[in-house]
2 protein chains.
Amino acid sequence: MRIFPKVFKTAMEKAQLPLSEMARVAGVSARQIRYWEKKGYITSHQAQKNQNHKFNFFSLLKVMEIKEFLDEGYTLQAAVEKQRERQNILRSVRRLINERLLGVEEVAACQEGVEINLGPLDNDETKVVVAQIKAGQPVKLILKKHQPID
Amino acid sequence: MRIFPKVFKTAMEKAQLPLSEMARVAGVSARQIRYWEKKGYITSHQAQKNQNHKFNFFSLLKVMEIKEFLDEGYTLQAAVEKQRERQNILRSVRRLINERLLGVEEVAACQEGVEINLGPLDNDETKVVVAQIKAGQPVKLILKKHQPID
DNA sequence: CTAATTTTGTCAAATTATTTGACAATAATA
DNA sequence: TATTATTGTCAAATAATTTGACAAAATTAG
């Protein structure tokens, strides 16, 4: 059985949030979001003048991280700078999800649970890393012999 | 260096989308979303009467999958049933992301790239699976000796 | 320390978006 | 064919957002 968890990827890339959601989830004020946007710290999409600003998922992550640094006592400028240094971490997590977790094409489902093929090991191309997910048990990572799909 | 990609997890769990976003991303009409909600196929959160309905990320995934089955020619009821059979796959992907990818506490960042510790192998607890992410290169999975954090 | 700048709060009017209920059209099923 | 399920469309009421403005508070520069 082969299934594609593509929706996950598409949803993450396409979903856009209204300003109020950004503020609510991140725990900052709408005024702050607007100001940060005006300063270019975050970007949004506005189809036409007077229409709602829409923010994507990754702008939300940015705002949440800036907020964390603000809470630690940094000024806005410093918080933005600290966040920028971490930017490639968020980008990396995003790549990992897209390329390995949601980019893979092989998901096996049976009564017992679900197995998600994360792809081959770099050191050893004959083996693949597989995540085993069963109810009531922690997610397990196991190695399996690579079996090319015919 | 230890960093926590916790924002990713929080954002996914807390972010809520307005009805219009659900419709736009999934490619269905607002009327459809409302009807499906009324039928109990998807759930939403409405704080008070007349206030906006908010849908979480996983309801969006549900809608997207139902839409896919509709496009394949299934009737609504059949599409919902097909989606229900896949429900545990989405749930599993969600668990994998939460427990392994975003639940882990160890992320190392340096100039060359980022390494994300996905945790120990189930067969061999002395080794951990690490994702190596570098610009311009595909995401690699490697095995490393497990080094307990002191 | 003081002045200038940055950042955020608040308010009000205009605009945009959503809800709700209703009726009708189309699709699916008995 | 009759019935039910599903979706389109419309209009009025309500809710949410934008925009611009002024002021307060926090930060930085002189």
Side-chain angles (χ1 to χ4, degrees), chain A residues 14-57 59-60 62-85, chain B residues 14-57 59-60 62-85:
Chain A
K14 286 180 64 179
Q16 294 190 305
L17 303 165
L19 195 146
S20 56
E21 251 322 88
M22 300 282 286
R24 190 187 66 83
V25 174
V28 301
S29 70
R31 185 68 175 84
Q32 285 175 295
I33 301 279
R34 291 211 181 89
Y35 183 69
W36 300 356
E37 187 194 358
K38 182 185 162 197
K39 296 287 288 182
Y41 300 150
I42 52 175
T43 59
S44 79
H45 176 256
Q46 187 182 37
Q48 290 181 350
K49 169 103 172 171
N50 283 339
Q51 256 179 358
N52 291 7
H53 296 225
K54 300 281 195 171
F55 301 82
N56 68 23
F57 193 75
S59 291
L60 173 58
K62 229 182 203 174
V63 168
M64 291 173 77
E65 288 197 333
I66 293 174
K67 160 70 172 169
E68 280 186 1
F69 288 121
L70 284 180
D71 286 345
E72 289 175 17
Y74 292 95
T75 65
L76 178 61
Q77 285 198 359
V80 168
E81 182 50 37
K82 292 285 276 182
Q83 196 283 323
R84 278 203 181 118
E85 291 167 12
Chain B
K14 286 180 64 179
Q16 294 190 304
L17 303 165
L19 194 146
S20 56
E21 248 329 83
M22 299 283 286
R24 191 186 66 82
V25 174
V28 301
S29 70
R31 184 69 174 84
Q32 284 175 296
I33 301 278
R34 291 210 182 88
Y35 184 69
W36 300 357
E37 188 196 356
K38 182 184 162 198
K39 295 286 288 183
Y41 299 151
I42 52 175
T43 59
S44 80
H45 176 255
Q46 186 182 37
Q48 291 181 349
K49 169 101 172 172
N50 284 339
Q51 257 179 358
N52 291 8
H53 296 225
K54 301 281 197 169
F55 301 82
N56 68 23
F57 192 75
S59 291
L60 173 58
K62 228 180 202 174
V63 168
M64 291 174 77
E65 288 197 335
I66 293 174
K67 160 69 171 169
E68 281 185 359
F69 288 120
L70 284 181
D71 286 345
E72 289 174 17
Y74 291 95
T75 65
L76 178 61
Q77 284 198 358
V80 168
E81 182 52 36
K82 294 284 277 181
Q83 196 284 323
R84 279 205 179 118
E85 292 167 11

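Chain letters run A, B, ... following the sequence lines, proteins first, then strands; residues in each count from 1.
One atom, CZ of A:F55, and another, C1' of D:dT17, lie 11 Å apart when rounded to the nearest Å. Rounding to whole angstrom units, CG of residue A:L76 and P of D:dT27 are separated by 11 Å. The distance from atom CD1 of B:I33 to atom P of D:dT7 is 10 Å, rounded to the nearest whole Å. Atoms NZ (B:K38) and C1' (C:dT20) sit 12 Å apart, rounded to a whole Å. Rounding to whole angstrom units, CZ of residue A:R31 and P of D:dA24 are separated by 15 Å. Note: CG (A:N50) to P (C:dA13) measures 17 Å, nearest angstrom. Rounded to an integer number of Å, the gap from CD of B:Q51 to C1' of D:dA16 is 10 Å. Between B:W36 atom CH2 and D:dA5 atom C1' there is a gap of 14 Å when expressed in whole angstrom units.
Distance OG1/A:T75 to CD/A:E81: 10.5 Å, rounded to 0.5 Å. To the nearest 0.5 Å, atoms OH (B:Y41) and CH2 (B:W36) are separated by 10.0 Å. Distance check: B:S20 OG to A:Q16 CD gives 10.5 Å after rounding to the nearest 0.5 Å. The distance from the CD1 atom of A:I66 to the CZ atom of A:R84 is 8.0 Å, given to the nearest 0.5 Å.
The backbone N or O of A:K14 sits less than 3.5 Å from a side-chain atom of B:R24, completing a donor-acceptor pair. Looking only at distances, no side-chain donor or acceptor of A:E37 sits under 3.5 Å from a matching main-chain atom of A:I42.
Taking all atoms of both residues into account, the shortest heavy-atom contact from B:A23 to B:A30 is CB-N, 4.0 Å.
On a pure distance criterion of 3.5 Å, no polar donor-acceptor pair joins the side chain of B:R34 and the base of C:dT20.
Remark on DNA chain D: of its neighbouring residues B:K49 and A:L19, the 5'-side contact belongs to B:K49, judged by nearest-heavy-atom nucleotide. Residue-to-nucleotide proximity on DNA chain D shows that, of B:S29 and B:Q48, the 5′-proximal contact is made by B:S29. Each of A:Q32 and B:Q46 was matched to the nucleotide of DNA chain C holding its nearest heavy atom; the match closer to the 5' end belongs to A:Q32.
Remark: A:K39 is not in phosphate contact with C:dT6, judged by side-chain N or O atoms under 4.0 Å from OP1 or OP2. At least one side-chain nitrogen or oxygen of B:Y35 sits closer than 4.0 Å to the OP1 or OP2 atom of D:dT6.
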For nucleotides 25-30 of chain C, read 5' to 3', which letter fits each nucleotide if B means a protein heavy atom sits under 4.0 Å from the base, S means only the sugar-phosphate is that close, and - means neither?
---SS-

